[in-house]
Amino acid sequence: MKVDVLLGLQWGDEGKGKVVDVLTPRYDVVARFQGGPNAGHTLEFEGQKYVLRSIPSGIFQGDKVNIIGNGVVLDPALFKAEAEALEASGHNLKERLHISKKAHLILPTHRILDAAYEAAKGDAKVGTTGKGIGPTYTDKVSRNGVRVGDILHNFEQKYAAAKARHEQILKGLNYEYDLTELEKAWFEGIEYLKQFQLVDSEHEINGLLDAGKFVLCEGAQGTMLDIDFGSYPFVTSSNTVCAGACTGLGVAPNKIGDVYGIFKAYCTRVGSGPFPTELFDKTGDQICTLGHEFGSVTGRKRRCGWVDLVALKYSIMINGVTKLIMMKSDVLDTFETIKACVAYKMNGEEIDYFPYDITDEVEPIYMELPGWQTDMTKMQSEDEFPEEFNAYLSFLEEQLGVQIKIVSVGPDREQTIERYTEE
């Protein structure tokens with residue numbers, strides 16, 4: 001058996017959580033392979049809204065195994081709050097959720113360091129969520145990290161050593177802080193974490209594949225935030241691309257099957273960093289309002305712009321995408337004209353590839369298409385799509401070279417339409 005991978009193709013916030021929830025009935029296992037509680041996946045169904053930060057989005061399907069992989073960084077305090085809220089709504093996590101012993105722990109001092117580093121950068125801030133993600137991955141790479149499995153072996157000694165090292169750094173930064181409340185909640189989270197099945201997830205996943213089980217790997221953030229291939233340095237601290245599923249779960253490259261790439265019908269970005277198609281006018285504000293473009297974890301307003309096909313083609317290439325999924329099509333329902341960036345103008349030259357550095361000097365070159373000006377939120381099949389929307393889909397498929405398999409026309413899991421169902 002092979003694993004299928006589902007990931008974002010833009011700067012995150014593409015709607016991955018909803019799609020995982022929609023696809024989960026076809027799988028036996030859903031596994032998260034990277035990122036931390038800075039990434040919120042929002043799901044809506046049966047009149048309820050849920051925001052998942054660390055827990056895989058397949059958790060709502062009762063008979064599925066959900067795995068937090070070794071590539072994830074986990075904050076025990078935030079995990080406890082998230083899990084208890086789900087359990088209070090009737091979801092039995094302890095039977096369904098397995099956590100890799102090799103996943104790294106976000107310590108209270110990691111969160112303090114995150115704030116201290118960001119403050120020290122002044123106007124050059126990256127725009128982190130302050131959840132301690134970057135410092136945790138830094139410790140992982142420098143071989144100073146504390147892992148989930150460590151809570152079972154000499155934990156107090158390992159924690160004390162890591163805390164002392166962080167406090168020495170904070171002293172050098174002259175950063176004032178108080179750990180009292182953070183540590184209290186964190187250690188409560190550690191005790192709570194011990195109630196779950198802590199596993200060697202690489203053995204578990206490969207064993208499940210050998211047993212003929214269907215596995216879906218869930219990514220966080222988006223390709224353009226990848227530490228290697230994103231708009232560096234305005235990126236996250238992990239590999240958000242398809243290859244991250246291999247390193248974040250212990251899955252061999254030849255075990256990768258379909259790669260689902262998710263993108264919005266337009267484009268958004270949170271925090272600092274270049275964004276070639278960003279709109280600073282009434283249209284951008286309208287997209288933000290209609291799309292409810294505010295962070296599910298931070299509440300921050302998202303920057304909005306037209307879809308960027310140059311960046312999308314780059315993401316499709318890097319990930320080996322086999323099927324596309326377009327989200328929030330309904331947000332553009334009222335627009336008379338839809339624009340799509342098909343090339344960049346850079347240093348007086350037109351280019352159709354994603355360059356080493358996308359700076360403020362990059363000017364998007366747009367293709368204009370007629371809008372459909374039709375409410376699509378009640379539609380249940382592609383037969384109901386207006387002619388102009390079908391033309392938009394055909395244009396995107398021709399430009400991107402991959403079929404758009406699923407179209408979302410609203411936030412609810414029921415507002416999801418599959419295309420090419422005859423295959």
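Computation of the quantities below employed the complete heavy-atom set of this structure, encompassing side-chain atoms and omitting hydrogens, waters and symmetry-equivalent molecules.
Proximity of Leu6 to Leu23: side-chain heavy atoms (C-beta onward) are separated by under 4.5 Å at one or more points. Inter-residue side-chain proximity for Val251 and Ile205 is flagged as met; some heavy-atom pair is nearer than 4.5 Å. Within the 4.5 Å cutoff, no side-chain heavy atoms of Val259 are placed close to those of Asp4. A 4.5 Å side-chain heavy-atom check between Leu93 and Leu86 finds at least one atom pair inside the cut-off. Using a 4.5 Å cut-off on side-chain heavy atoms (C-beta onward), Ile99 and Leu74 make contact. Ser54 has its side chain within reach of Glu82: a pair of non-hydrogen atoms, C-beta onward, lies under 4.5 Å apart. For the pair Asn239 and Phe33, the minimum side-chain heavy-atom distance is 4.5 Å or more. Inter-residue side-chain proximity for Leu393 and Met326 is flagged as met; some heavy-atom pair is nearer than 4.5 Å.
With sequence neighbours excluded, no residue satisfies ring-ring contact (aromatic ring centres under 6.0 Å, His included) with Phe214. Residues passing the ring-ring contact (aromatic ring centres under 6.0 Å, His included) test with Tyr175: none are found, sequence neighbours excluded. Every residue was checked against the ring-ring contact (aromatic ring centres under 6.0 Å, His included) condition with Phe229, not counting sequence neighbours, and none meets it. With sequence neighbours excluded, the residues that form a salt bridge (charged side-chain N to carboxylate O under 4.0 Å, His left out) with Arg26 are Glu418. Partners of Lys2 by salt bridge (charged side-chain N to carboxylate O under 4.0 Å, His left out), not counting sequence neighbours: none found. Taking Asp285 as the reference, nothing meets the side-chain hydrogen bond (donor to acceptor under 3.5 Å, both in side chains) condition, with sequence neighbours excluded.
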Practice item. I would like to know whether Gln415 and Thr377 meet side-chain contact (heavy atoms from CB on, under 4.5 Å); could you show each step before the answer? Key: CA-CA 7 Å; Gln415 294 173 295; Thr377 57; 3.7 Å; yes
Exercise for review: Run the numbers on Asp333 and Thr374 for side chain to side chain donor-acceptor pair (under 3.5 Å), then give the verdict.
Suggested key: CA-CA 5 Å; Asp333 281 354; Thr374 305; over 6 Å; no
Practice item. Evaluate the criterion side-chain contact (heavy atoms from CB on, under 4.5 Å) for residue pair Arg302 and Phe294; output intermediate values, then yes/no. Key: CA-CA 6 Å; Arg302 297 179 184 135; Phe294 299 90; 6.0 Å; no
Point to revise | Asp75 and Lys131: CA distance, side-chain angles, deciding distance, salt bridge (charged side-chain N to carboxylate O under 4.0 Å, His left out) verdict | key: CA-CA 8 Å; Asp75 184 321; Lys131 296 291 191 298; over 6 Å; no
Practice item. Would you sort out whether Tyr117 and Ile112 count as a side-chain contact (heavy atoms from CB on, under 4.5 Å), showing the intermediate values? Key: CA-CA 9 Å; Tyr117 289 147; Ile112 303 295; over 6 Å; no
Exercise for review: Decide salt bridge (charged side-chain N to carboxylate O under 4.0 Å, His left out) for Glu87 and Lys80; before the verdict, give the C-alpha distance in whole Å, the side-chain angles of both, and the deciding distance to 0.1 Å.
Suggested key: CA-CA 10 Å; Glu87 288 182 319; Lys80 178 175 181 288; over 6 Å; no
Identify each donor-acceptor pair in which a side-chain atom of residues 196-203 lies under 3.5 Å from a protein atom, sequence neighbours left out, and give them as a table.
unit_1 : atom_1 : unit_2 : atom_2 : d
Gln197 : OE1    : His98  : NE2    : 3.4
Gln197 : NE2    : His98  : NE2    : 3.3
Ser201 : OG     : Ser100 : OG     : 3.1
Glu202 : OE2    : Lys102 : NZ     : 2.8

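No donor-acceptor distance shorter than 3.5 angstrom exists from the side chain of Lys140 to the backbone of Val146, with no hydrogens or angles considered. Distance alone, capped at 3.5 Å, is enough to place a donor-acceptor pair between the Asp281 side chain and the Thr283 backbone. Within the 3.5 Å criterion, the main-chain N or O of Gly35 finds a donor-acceptor partner in the side chain of Tyr137. Of the possible polar contacts, none joining the Thr289 side chain to the Gln286 backbone as a donor-acceptor pair under 3.5 Å is found. Panel note: side chain Asn319, backbone Cys242; a donor-acceptor pair is recorded below 3.5 Å. Put simply, the side chain of Ser408 gets close to the backbone of Gly410: a donor and an acceptor are under 3.5 Å apart.
A salt bridge links Lys339 with Glu368: at least one charged nitrogen is closer than 4.0 Å to a carboxylate oxygen. Here Lys194 pairs with Glu191 in a salt bridge; the nearest charged N to carboxylate O distance falls below 4.0 Å. Using a cutoff of 4.0 Å between basic side-chain nitrogens and carboxylate oxygens, Lys328 and Glu14 are not scored as salt-bridged.
If you take CZ on Phe187 and CD1 on Ile151, they are separated by 11.5 Å, rounding to the nearest 0.5 Å. With rounding to the nearest 0.5 Å, the separation of OG1 in Thr337 from CG in Leu369 is 9.0 Å. Distance check, rounded to the nearest 0.5 Å: CD1 of Ile133 to OG1 of Thr138 gives 11.0 Å. Rounding to the nearest 0.5 angstrom, the gap separating the CD atom in Gln34 from the CD atom in Glu218 is 9.5 Å. Residue Ile106 holds its CD1 atom at 9.0 Å from CG of Asp114, rounded to the nearest 0.5 Å. For the atom pair CD (Gln10) and OG1 (Thr277), the distance works out to 8.5 Å, reported to the nearest 0.5 Å.
The number of heavy atoms from other shown groups lying within 6.0 Å of NZ (Lys94) is above 12. No more than 12 heavy atoms of other residues, nucleotides or ligands lie within 6.0 Å of CG in Asn347, so this atom counts as exposed by the packing criterion.
Annotation: salt bridge (Lys or Arg N to Asp or Glu O under 4.0 Å) contacts involving residues 260-278, sequence neighbours excluded, comprise Lys264-Glu293, Glu278-Arg303. Residue pairs meeting the salt bridge (Lys or Arg N to Asp or Glu O under 4.0 Å) criterion with at least one member in residues 59-72: none, sequence neighbours excluded. Applying the ring pair (Phe, Tyr, Trp, His ring centres under 6.0 Å) test to pairs two or more places apart or on separate chains, those with a residue in residues 254-290 are Trp11-Phe275. Pairs engaging residues 383-394 under the salt bridge (Lys or Arg N to Asp or Glu O under 4.0 Å) rule: none recorded [sequence neighbours left out]. Sorted pairs that involve residues 344-357 and meet salt bridge (Lys or Arg N to Asp or Glu O under 4.0 Å), not counting sequence neighbours, are lacking altogether.
Relative ring orientation between Phe389 and Trp372 is described as perpendicular, the plane-to-plane angle rising above 60° on a 0-90° scale split at 30° and 60°. Between Phe395 and Tyr392, the ring planes are parallel. Angles under 30° get that label, and only those over 60° would be called perpendicular. The aromatic rings of Phe335 and Trp306 stand perpendicular to each other, their planes meeting at an angle above 60°, with 30° marking the opposite boundary.
A donor-acceptor pair shorter than 3.5 Å cannot be found between the side chains of Tyr232 and Asp226. A donor-acceptor contact under 3.5 angstrom links the side chains of Asp258 and Thr322, judged on distance only. Side-chain N/O atoms of Asp139 and His110 include a donor and acceptor closer than 3.5 Å. Checking Tyr344 against Asp308 by side-chain atom types alone, a donor-acceptor pair falls below 3.5 Å.
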